[in-house]
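Have a look at the structure below before the remarks.
If you're wondering where the values come from, they're calculated on a predicted model, not measured in any experiment.
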Amino acid sequence: MNTCTLKFEATAFRENDDNELESLSASISVPVEYDDEAIGEVLGDQDLMAYVVGELHDLVVRMRPEWLDNEDTSLTIKAFLDEGHTP
């Protein structure tokens, strides 16, 4: 079976007191079968995606709880596929 790695990365951005942009990233990676249908099933699993997004959000919040103080903080979540599969 060929596998690849599906990586979900959350990055929080915020300006510091000097108006410089700070960021913090957290990621979760999972191996999946290297097959379009299998990858599609993983990405289409709403329960799994909600869990991943929640966990990534919680990781960022635990690392920077002070970022929840009504300041402008943005959070982006991206998915990456490592196509360097192995047999």
Side-chain angles (χ1 to χ4, degrees):
M1 172 175 77
N2 291 335
T3 61
C4 58
T5 302
L6 189 55
K7 178 181 177 182
F8 299 94
E9 180 178 274
T11 304
F13 297 95
R14 171 181 165 157
E15 286 186 10
N16 64 18
D17 294 335
D18 297 328
N19 292 326
E20 294 177 3
L21 197 60
E22 293 182 316
S23 68
L24 173 72
S25 294
S27 66
I28 298 173
S29 297
V30 293
V32 294
E33 186 177 339
Y34 188 71
D35 174 89
D36 288 343
E37 187 174 324
I39 294 166
E41 286 178 19
V42 170
L43 292 173
D45 186 332
Q46 292 179 359
D47 291 337
L48 177 61
M49 291 301 105
Y51 178 78
V52 167
V53 169
E55 288 300 310
L56 288 170
H57 176 269
D58 290 350
L59 279 170
V60 171
V61 168
R62 283 186 201 120
M63 288 188 265
R64 293 286 163 85
E66 69 276 10
W67 284 19
L68 297 177
D69 60 4
N70 296 325
E71 294 291 328
D72 289 330
T73 300
S74 64
L75 179 68
T76 61
I77 298 179
K78 297 180 180 180
F80 302 91
L81 184 62
D82 173 14
E83 296 185 42
H85 58 283
T86 56

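In this structure the side chain of V42 reaches within 4.5 angstrom of the side chain of L48, judged on heavy atoms. In this structure, L6 and P31 have side chains that are not in contact, with every pair of non-hydrogen atoms separated by 4.5 Å or more. At a threshold of 4.5 Å between non-hydrogen side-chain atoms, the residues F8 and V52 count as touching. A heavy-atom distance below 4.5 Å is found between the side chains of I28 and E55.
Heavy atoms from other residues, nucleotides or ligands lying under 6.0 Å from CG of D17 number 12 at most. At most 12 heavy atoms of other shown residues, nucleotides or ligands fall within 6.0 angstrom of atom OH in Y51.
To the nearest 0.5 Å, the span separating CZ on R14 from CG on L24 amounts to 12.0 Å. In this structure, the separation between CG on L56 and NZ on K78 is 13.5 Å, given to the nearest 0.5 Å.
Looking at residues two or more places apart in sequence or on another chain, you find a side-chain contact (heavy atoms from CB on, under 4.5 Å) between T76 and T11, F13.
Hydrophobic clustering (side-chain heavy atoms under 4.5 Å, transitive across Ile, Leu, Val, Met, Phe, Trp, Tyr) groups M49 together with L81.
D45 contributes a side-chain N or O that, together with a main-chain N or O of D47, makes up a donor-acceptor pair within less than 3.5 Å.
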>> Run I39 and C4 through side-chain contact (heavy atoms from CB on, under 4.5 Å) and show every step you take.
In response: CA-CA 9 Å; I39 294 166; C4 58; 3.9 Å; yes

